[in-house]
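One structure below.
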Number of protein chains: 2
Amino acid sequence: MAAAPRGRASAGESASSADNGDSRATARKPRRRSRAARAEPVDKRRLILDAAVRVFAHRGFHSCRVSDVADEAGVAYGLVYHYFGSKEEILDTLFVERWQLMLDAIEAIDHSDASAREKLELVASFIIDSYRHSPEVMKVIIVEVTRAAHSFGREHLEHINKAYDRIALIVEAASREGAFKPDIDARFAAMCFYGAIEQLLSGWIFGLLPRTDEEYERAKGLVVETICGGLEAPGAPTPAGPGLLPRQ
Amino acid sequence: MAAAPRGRASAGESASSADNGDSRATARKPRRRSRAARAEPVDKRRLILDAAVRVFAHRGFHSCRVSDVADEAGVAYGLVYHYFGSKEEILDTLFVERWQLMLDAIEAIDHSDASAREKLELVASFIIDSYRHSPEVMKVIIVEVTRAAHSFGREHLEHINKAYDRIALIVEAASREGAFKPDIDARFAAMCFYGAIEQLLSGWIFGLLPRTDEEYERAKGLVVETICGGLEAPGAPTPAGPGLLPRQ
DNA sequence: ATCCAGATTGACCGGTCAGTCAACGCCCGG
DNA sequence: CCGGGCGTTGACTGACCGGTCAATCTGGAT
């Protein structure tokens with residue numbers, strides 16, 4: 001949460017053990033240096049969380065067993081329930097942790113003095129970089145939460161919705177200030193923008209789109225250019241003007 | 001399959017019993033008029049399929065029981081397994097049936113002599129009208145198949161991918177002929193376009209977007225205008241030209 | 001040395017379902 | 001009127017898995 005997403009930030013650095021400063025229960029006290037700094041008192045909770053990401057991403061939340069997570073983490077089955085109330089709570093924790101990172105990032109981007117197009121490009125960059133740096137977490141979030149209309153999607157709707165709202169704020173301001181067209185519905189535009197990005201992530205997740213660093217970079221430019229600039233050639237002979245269907 | 005999607009067509013008419021002319025096993029022989037056309041020998045298979053749509057849409061594929069489907073259809077549990085090999089096969093059948101309708105529609109639209117923008121508008125209309133006319137089927141297809149990276153998404157990837165391909169064909173032709181920008185990556189653009197639409201459907205499914213007839217109509221125009229025309233105002237002072245990130 | 005609290009273990013329980021199957025009945029042809 | 005096949009029924013089973021819990025371990029404090 002603390003880190004301001006200046007420039008290259010993304011939600012991809014704290015996946016392993018380097019994570020700290022989280023909210024509530026995460027605050028494990030590692031009872032440091034008991035005598036001579038013995039072999040790292042590993043944070044089992046984090047271990048389980050990280051293992052869960054791998055297992056959920058690979059086999060899907062519903063298709064995997066809690067024992068899979070325990071095995072992957074190298075801990076006993078029961079320990080999972082020592083740290084988490086249920087299987088769901090693990091996913092819950094993972095989602096909230098990361099999504100908040102993104103909400104904060106979007107807000108920080110909006111508060112910067114970049115142009116609207118640059119802001120959208122920063123948002124796209126943040127999301128795409130998040131996927132690049134930790135594809136498994138993003139896969140879990142998108143597949144199991146964001147796009148899951150049942151179970152989790154419903155519960156975190158409000159959280160998810162906030163992201164659309166914050167993007168809409170960017171669009172609305174730009175529209176008001178004349179950078180974007182005046183008659184834009186900011187909410188629609190935000191949904192389209194986010195939907196386009198998530199579809200690209202889905203393409204990468206499903207293996208429908210090539211996964212190279214150049215492609216990721218190219219995608220950032222392309223999605224913003226498509227949404228902001230449009231597909232149509234500037235001087236092209238556009239048959240209809242503002243563009244509604246000619247006949248009913 | 002038969003109906004050419006001229007103008008107002010959508011995948012929303014054959015949901016109930018009026019469906020026939022399907023592929024394989026659907027060919028139930030209703031042994032018509034045994035003597036005096038008794039009370040309609042209802043097609044139980046179709047009954048189950050329709051009930052499954054309702055149940056899957058309402059409770060989700062994984063969260064519902066086969067007995068729910070049987071109850072909703074008003075038939076015995078075992079009969080479901082008389083017509084379908086497994087629970088999955090029901091979803092399978094539903095998906096393939098409808099998706100093929102959409103693929104055919106897109107192809108027909110592409111073969112029409114409309115402009116690129118009009119073609120995209122027709123595609124958007126088809127999908128949105130499909131949702132409007134049978135939101136439950138579309139919800140099931142999107143939530144349980146299209147956006148499910150595990151189980152079903154994987155199995156029908158090829159089928160799903162065809163839709164992106166066909167949209168890409170439209171974009172590519174337009175790009176080649178000068179209506180769209182020449183340097184467009186058709187596949188990326190197609191993914192963005194489809195992703196934007198699916199996000200709108202998701203918004204309706206989740207109840208994040210208002211569900212009125214006007215909204216549906218407005219959405220058609222808006223999504224096409226956003227993707228084809230872009231968000232930026234024509235004469236606006238765009239800081240960067242072609243638009244890549246200033247630094248990095 | 002002793003104690004305790006929290007960490008850790010894994011066998012076990014209980015509930016839930018997908019899928020099976022033996023039986024029944026309805027209709028039709030002979 | 002009989003026979004057989006297909007449509008139909010629903011109780012049952014076997015596997016699977018989330019969650020519990022009593023026992024055990026560990027390491028610091030006294």
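Below, chain A is the first sequence line, B the second, and so on; all start at residue 1. Values in this document were obtained by computation on a predicted structure and should not be read as measured data.
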Does A/Lys139 pair with A/Glu136 as a salt bridge, N-O distance under 4.0 Å? no
Please give, in whole Å, the distance from C/dC17 P to B/Arg59 CZ? 9 Å
Rounded to whole angstroms, how far apart are CZ on B/Phe61 and C1' on C/dA18? 10 Å
Whole angstrom is fine here: how far is it from NE2 in A/His62 over to P in C/dT16? 18 Å
Without decimals, in angstroms, what is the distance between A/Asp71 CG and C/dG10 P? 10 Å
Does C/dG19 have OP1 or OP2 sitting under 4.0 Å from an N or O in the side chain of B/Tyr81? yes
Counting only side-chain nitrogens and oxygens, does A/Lys44 get under 4.0 Å of the OP1 or OP2 atom of C/dA7? no
Protein-nucleotide distance (A/Lys87, atom NZ; C/dG15, atom P), rounded to Å: 20 Å
Between P of C/dA7 and CG of A/Leu47, the distance in whole Å: 15 Å
Rounded distance (Å) that lies between atom P of D/dG19 and atom OH of A/Tyr77: 7 Å
Separation of D/dG19 atom P from A/Glu89 atom CD, nearest Å, is 10 Å
Quick one: do B/Arg132 and B/Asp129 make a salt bridge, cutoff under 4.0 Å? yes
Give a yes or no on this: more than 12 heavy atoms of other residues, nucleotides or ligands lie within 6.0 Å of atom NE2 of A/His150. yes
Toward the 5' end of DNA chain D, which comes first, A/Arg65 or A/Gly78, by nearest nucleotide? A/Arg65
Does D/dT8 have its OP1 or OP2 closer than 4.0 Å to a side-chain nitrogen or oxygen of B/Tyr83? yes
Go through D/dT9, C/dA18, C/dG10 for me and flag the one nearest to the B/Val75 side chain. D/dT9
Minimum heavy-atom separation for A/Ile127 and A/Met138, please, with both atom names. O-CE, 4.0 Å
Taking atom NE2 of B/His159 as the centre, does the number of heavy atoms from other residues, nucleotides or ligands within less than 6.0 Å exceed 12? yes
Looking only at the side chain of A/Ser86 (C-beta and beyond, no hydrogens), which of the listed nucleotides C/dT9, C/dG19, D/dG19 gets closest? D/dG19
State which of C/dA18, D/dT20, C/dT8 makes the closest approach to the side chain of A/Leu79. C/dT8
Any idea which of D/dG18, D/dT9, C/dT8 is nearest the A/Val66 side chain? D/dG18
OP1 or OP2 of D/dT8 less than 4.0 angstrom from a side-chain nitrogen or oxygen of B/His82, does that happen here? no
